[in-house]
Every structure is written in C-alpha cells, then in structure tokens.
Protein chains: 2
Amino acid sequence: MQPNNTSAVICRNCALYQTARVLGLETPDCSSLNRIVLRNHPVRKNEVLYHEGEPFRYLYLIHSGSCISNATMLGNSHRVMGFYLPGEIAGIENIGQETCNHTTYALEKGSICQLDFAALEGTLSENELINVQKYLLGSAAHHARQLQWERSLTGLQTAEQQIAAFLMNIASRLDARGFPAHQFRLPMSREAIADYLGLAMETVIRTLKNLQSRNLIDIKAKNIEILDESRLNSLLAS
Amino acid sequence: MQPNNTSAVICRNCALYQTARVLGLETPDCSSLNRIVLRNHPVRKNEVLYHEGEPFRYLYLIHSGSCISNATMLGNSHRVMGFYLPGEIAGIENIGQETCNHTTYALEKGSICQLDFAALEGTLSENELINVQKYLLGSAAHHARQLQWERSLTGLQTAEQQIAAFLMNIASRLDARGFPAHQFRLPMSREAIADYLGLAMETVIRTLKNLQSRNLIDIKAKNIEILDESRLNSLLAS
DNA sequence: CGAGATGTTGACGACCCTCAAGTGCAGTGG
DNA sequence: CCACTGCACTTGAGGGTCGTCAACATCTCG
C-alpha cells in the first residue's frame, strides 16, 4: 500500500484534520480515530447525508463538494436553511437533541468524513474527550456567530446588499480553508440562493446581472469571479 | 445568616441551575461553583455586561431582567443582534475567540450570574469539566438552531409574519423557562424590535396595531397579551 | 413642570414580488 | 447528427408592501 499522502493533504482542508490535532495526534492520517470515523467517503450528487426527523448520531465533515440543508416550515413548505462548503461540519447544530431537524444532501459529487458523535464518549480517553469537546464547542460557537451575522444582513438591506453579502460570505468561507476566494463556483441553483435569502429568483438573477454590468463581478453560469472586492464590500456599508 | 432558599428558587429559572446539576451537585445552591461564579449579581438598567472588542472571559446567565446585544457593522453603523431573556446565557457565542464581538447591556433592572469560563479548566475535575462542556455544547447548538430558525424567517415573509414570528419566539422562550407565555412584557423599545427585524419602526407599530385591531393580540405600551395563538401561528404558514 | 426620548399617524414613492412569456442548455432517444 | 423534452435561467410589465419624511402625541424622569 502506498503512503497515504493524498488523503493527508486533503485532510488538511477539512475540520477533521483539526479534530485529529486536538486529539494530540501529530500524524495527519487520523488513524486512531478509525473506530468512530468513516474517512473520505464518496457521495453522489443529491445523496442525502441525513433526513429531517431521523435520530441524530453523526457529524459530517465535508472534504470536497458541498451540501445544502432544507427544513420543513409551518404549513409544510420547505426552506433552504444553509450551505456547507469544504472543511465545514454538517450536523453540528443537531448536538443536544434526539433527532435531526434538517434534511441535508450533496449539491455535487464529493467526499465526506462521517464522525460517530454518539460513540465519542465511550471511545476516547477523558483527556482526549475534553479536547474534542472543546474543539466542537468552539466550532458550534463559530457557527452561531456566522448565523448571527447572516441574520443581521437579511431584511434591513436591499436585495443588492444581500446578494453582495452572500457572495462575500461564500468567498470568505472558502478563503478560510485555503481555496481561491476571488474565482469560484456557486454550487447551488439561483432558486436555492433566492430561497435562502428570502428573495425572488428573478431578483437574484437581475441583481447578479446588474453587478456584472458594473464590473463588480463576472458570472458565467455557476462560475463567478469577484472583480472589485472593495467596491462590493462598500455596498454593505449603508 | 438565613438559609439561601430564595436564591435557590430563583436559580431554578436560570441556566446555572442546569449547569449545577450537570456538575453532579444535587443541592441547587451551586455552592461548589462559588470559586468561579459570581452569583445573583444585581444589574442596573443600561449596565453593560461586556463591550465589543474586550477580551472574552465570562458567560452571563440571566436570572431576571433582560439584555440586548449590539454590534458594529461595516460603515460604523450599529445593529441589534439579539435579546437575552431570563434563563438564557449571554456571551456563549464568544467561546473560541479572544474578544467579544457584541456589546451587551441590560434592558431593565435585574440580576445575573457571572461564570468565569476561562477558569473552568483549572478549577473542575476532568469528569466535571466533561459534563460542563457537554452542557455548554448543547446550549451552543441550541442557540445555533434558534438563530437558524430566526434567519429563515427574515426576508421571505411579510412584516406581519415577521412580527408574529417574533412574538411567538419570545413567548416560547419565556414558556421554556416556566414564565407566563400569553401575557408578558416586551422589555425592548419599538425601535430595537424594528432594528432587530430589519423593519422600519413605523411598520412595527402599524403591524402591532393591526394585529390588535383583529383581536389577535392586545398591547398596552410594553405589555402584551396573546389573545389567539392559533391564528397568530397560522399567519406563519404561507 | 418642562424637555428630551419614545411612540404614533399620514402621504408618497421606490423597490421588489408576482405573473407570464421566452431563451438556453443538458440529457435522451431516434 | 438532430429533434425533443424538461429544467434552469432570463427578461418584461404591473401592482402591492413597506421605507422615508414630516408632524404630532405621549411618556419619562430630573
């Protein structure tokens, strides 16, 4: 068997690598987590990670690809609750309750790590458990800050500001994991963006086109390039 | 000194009581937390718990009264980020970073418990620490779910739906801590509600008045009574 | 009691949603 | 290779909701 260099490199982009480091492992191959981690598992487009209402047990660390979360609202309508990009942890908001309250599935082909959260306690030493919990607590708090910031953007602002904020948000999250932040692919449909932001799909399209005509961004289908980050940012300062 | 019955009773309404239980204490007086907890500390109206940018160290468990969080946005404008009601934990979203990113102050006279988060690790036994971390992780995840739900309400809906959702949200949070959920006081100003929801203050006022004229709620100044919960809920199912 | 903060009401206009028609593109089968 | 079908996306016209502005009322507290 050849040395596991490739997955080691991939692992650096993902939250699991951080988790491994917290465990006191210096080797990035995460070997001593193998009992509770399903590593580098491929997922197909539209493959569901977890269903709304099913018992909560696993956290999913996105290696590559991206995911979308949907939830059922009052009146049985559905709503896009969020997106997970490479390196992020899907399912962390389920901690502390019996069942999952979103349905999360892959937007494109990719790979994930599956971490058996329920088995953490029985598997790790007390010291290891403290470190993993500390790490997850930090991640959950980070997630909450992220949501708080996003919540503060919706409603008050114009559609243009919301779209700009959405793009900057995706860019900064990609940047945080070492991916190119000025040229990337929006894996979700225009409709999903609209649903997520609470706008009409037509407004999303018109606004993107308008930003393009002013040379702030360049879009071709799902591929986006941020041409003038500072002007895009200054749109948010109202 | 007389037995500490009153604060023991108060303590049942607050997150600290839960924290004490996780620590394995059967007595609700939280006595063995005293080294890291400042208990039942009175706060005046407008008294600041923590400032944006100052080092993060404490969690604040609201005994009585309520708090509001503000944050500085791009362009030095300010925005209401959230409210904390009795029994909730202010500051939990700061975990994992060096500094606080909101300014949080009391909306009215009340009392709080201050928990020295930084000193948790050195003070508690490994087993106790695991339990406290587990509890805080659950609280942070709960907070994230709450924010996710709130985020999903803003933007898509009409002003009326947002106001209705806001009222139901406050009511359910009060209900969760054993307070009356159909008749309560809105401790924050109309302007703060508007800012929080991303609406104009005038819209908040007009919408509340409209709900009142349809006998869904009754308002006198800051005192609100929910007259028809089911119809109020059905507004959300669009 | 007076002054500033907070809350209320009305008129008008902009932004964005709705509805509807049309375009481009991917996958399928002939 | 080309129609065909379905879906995502695009574009246009019209109307409703809510923000802005301004005047006024009420509350709070020294």
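Here is the naming used below: chain letters follow the sequence lines, and residue numbers restart at 1 for every chain.
- Contact annotation: B:K222 reaches the phosphate of C:dG7 (side-chain N/O to OP1 or OP2, under 4.0 Å).
- Note on ring orientation: taking the six-membered ring where Trp is involved, the planes of A:H143 and A:Y84 are tilted (angle from 30° to 60°).
- Following rounding to the nearest Å, B:E191 (CD) and C:dG4 (P) show an atom-to-atom distance of 18 Å.
- A salt bridge links B:E108 with B:R185: the closest approach of a Lys/Arg side-chain nitrogen to an acidic carboxylate oxygen falls below 4.0 angstrom.
- Note: CG (B:L107) to P (D:dT28) measures 15 Å, nearest angstrom.
- Counting to the nearest Å, the C1' atom of D:dT10 and the CD atom of A:Q212 are 13 Å from each other.
- When each of C:dC16, C:dT18, C:dG7 is scored by its nearest atom to the side-chain atoms of B:S189, the top-ranked nucleotide is C:dG7.
- The side chain of A:R190 places an N or O atom within less than 4.0 Å of a non-bridging phosphate oxygen (OP1 or OP2) of D:dT10.
- For the pair A:R44 and A:Y105, the NZ or CZ position fails the cation-pi test of under 6.0 Å to the six-membered ring centre and within 45 degrees of the ring normal.
- Here the P atom of nucleotide C:dA11 and the CZ atom of B:R206 are 10 Å apart, to the nearest Å.
- Cation-pi geometry between A:R173 and A:F179 is not met at under 6.0 angstrom from the ring centre and within 45 degrees of the axis.
- Look at CG on B:L211: it is 14 Å from P on C:dT8, rounded to the nearest Å.
- When each of B:T203 and A:M188 is assigned the nucleotide of DNA chain D bearing its nearest heavy atom, the one mapping closer to the 5' terminus is A:M188.
- When the C1' atom of D:dT17 is taken as reference, atom CG of B:N210 falls 13 Å away, rounded to whole Å.
- Distance from the side chain of A:I205 is smallest to D:dC9 among C:dT18, D:dC9, C:dT8.
- For A:E202 against C:dC19, a side-chain N or O and a base N or O form a donor-acceptor pair under 3.5 Å.
- Rounded to an integer number of Å, the gap from B:L199 CG to D:dC18 P is 8 Å.
- Out of D:dT11, D:dC18, D:dG19, the shortest distance to the side chain of A:K209 is found at D:dT11.
- Side chains of B:D116 and B:Y58 form a contact here, defined as non-hydrogen atoms less than 4.5 Å apart.
- At whole-Å resolution of the value, CG in B:L208 and C1' in D:dC18 are 15 Å apart.
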